[in-house]
Participant: 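One structure coming up, written as structure tokens, with questions to follow.
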Amino acid sequence: MLFKYGKTWYNQNMQNSIFLGNDLYYVGGNDRRIALFENSFPVPRGVSYNSYLLKDEKTALFDTVDHAISELFFENVEAVLGGRKLDYLIVQHMEPDHSASFAGVIGRYPGVKVVCNKKTAAMLKNFGAGSGYEVLEVEEGAELSTGKHKLKFVFAPMVHWPEVMFTFDGTTGTLFSADAFGTFGALPGHIYADELHFERDFLNDARRYYFNIVGKYGIQVTNVIKKAAGLDIKLVCPLHGPIWRKDFAKYLNYYRTWSAYEPEEKGVAVFYGSVYGHTQNAAEILAAKLAEAGVENIAVYDVAATHGSKLLSEAFRYSHAVFACATLNNGIFGAMEHFLSDLTAHFYQNRTAAFIENGSWAPQAGKLMQEKLSACKNMRTLGETVKILSAPTEETAAQLDSLAKTIAADLK
């Protein structure tokens, strides 16, 4: 099938919209070819770009999608509208993975009113959205009727851009939550969280998504959660990942923990930066001794071999962290230094840390790592820094055993 846009004809694939009930349709789709989300974060399972279309007396489209799936998106919208005009385009977030198809919507549906706040209106111009559209600028708490459905706008600044807003359909209890409550990972046919093994298959991606995309803005997330607490929410429609129609309170509790910068789990994450393997050996010895001391929840990561987005989310996951690092050029091993900078930039706090340093003649990575983390709030240092001169020895093993017992006792 062909469609015409401007003077050009395009091939058209079969639409894949999904009816969600109560006049609402899913018109987004998956990108399984993408390697790096925002050219930064690995997404081996791809990502979904969600968009929703309300078909009431007036029609309303909630956000658009990335260029990667725009052809399918336009076809989904066309199929759901079934020849009707599009009355409103509600822009909740201006990041290009949700606004890249804005101009295409305006071109296809002349006369559509763009519903947004003042900050979004300015960004539309900044992103070169063109002209020929009317802006309906809304304030916090403003309402818009599409007929049966009464939409209310809830501002969510810095979750995670300044213009972000949510939309709440008071008629059905549907919260359109922009980037909040999203995850990495394409949707596997099922689009509802309760149809998926969410904690098994999506929670790690949800955590990594939160701490890398939204996590720096914990205070702002907490504030918008308080706003949401006053709403009778029955369905949550984020811009990435599964839709929530059951057990949302459980997922919301993760957000409460994450936004408060509190540990999600009691356990130990051991992060090591090793040049020739000796520092790694010390980290592995410590992990084994932690297990011997009765610690059940242990994770070990090579900071040079593990992507930074994973390291960041795992550091926030656990209550205790051990940083083991080689001294290099009188400084911190490069990958570890970058990781620590990432932690401080994302407001790492409320954790207990221990340190292992290595250096053939002048070990000082431990001191430098502690200085780096001194900018973080409410950090406790546990035990003495374990010092290694080149390779672990029996004396080193005894120090590691002592540190493991100290950590185990602290966890209890």
Participant: What distance do H320 atom NE2 and I298 atom CD1 have between them, rounded to the nearest 0.5 Å?
Facilitator: 12.5 Å

Participant: With respect to F176, which candidate in Y26, Y52, F166, F153 satisfies the ring-ring contact (aromatic ring centres under 6.0 Å, His included) definition?
Facilitator: Y52

Participant: Quick one: do D63 and Q92 satisfy side chain to side chain donor-acceptor pair (under 3.5 Å)? Show the steps, please.
Facilitator: CA-CA 6 Å; D63 295 298; Q92 302 178 116; 2.7 Å; yes

Participant: Is the distance between the ring centroids of Y133 and F102 under 6.0 Å?
Facilitator: yes

Participant: Return the set of residues passing ring-ring contact (aromatic ring centres under 6.0 Å, His included) with H149 (not counting sequence neighbours), or none when no residue passes.
Facilitator: none

Participant: Are more than 12 heavy atoms from other residues, nucleotides or ligands located less than 6.0 Å from atom CZ of F19?
Facilitator: yes

Participant: Can you measure from CG (L24) to CD1 (I18) and round to the nearest 0.5 angstrom?
Facilitator: 11.5 Å

Participant: For S145, check side chain to side chain contact (heavy atoms under 4.5 Å, CB included) against everything at least two apart and list the hits.
Facilitator: K150

Participant: Going by the ring-ring contact (aromatic ring centres under 6.0 Å, His included) test, name the single residue among F355, F333, Y348, F323 that passes it with F271.
Facilitator: F323

Participant: We want to know whether R380 and T352 form a side-chain donor-acceptor pair, criterion being a heavy-atom distance below 3.5 angstrom.
Facilitator: yes

Participant: What verdict does the side chain to side chain donor-acceptor pair (under 3.5 Å) test give for T385 and Q370, after you've listed the backbone C-alpha separation in whole Å, the side-chain angles of each residue and the deciding distance to 0.1 Å?
Facilitator: CA-CA 10 Å; T385 298; Q370 290 185 63; 3.2 Å; yes

Participant: Measure from the ring center of H240 to the ring center of H98 and say whether it is less than 6.0 Å.
Facilitator: yes

Participant: Taking atom types as modelled, find out whether T64 and S99 have a side-chain donor-acceptor pair closer than 3.5 angstrom.
Facilitator: no

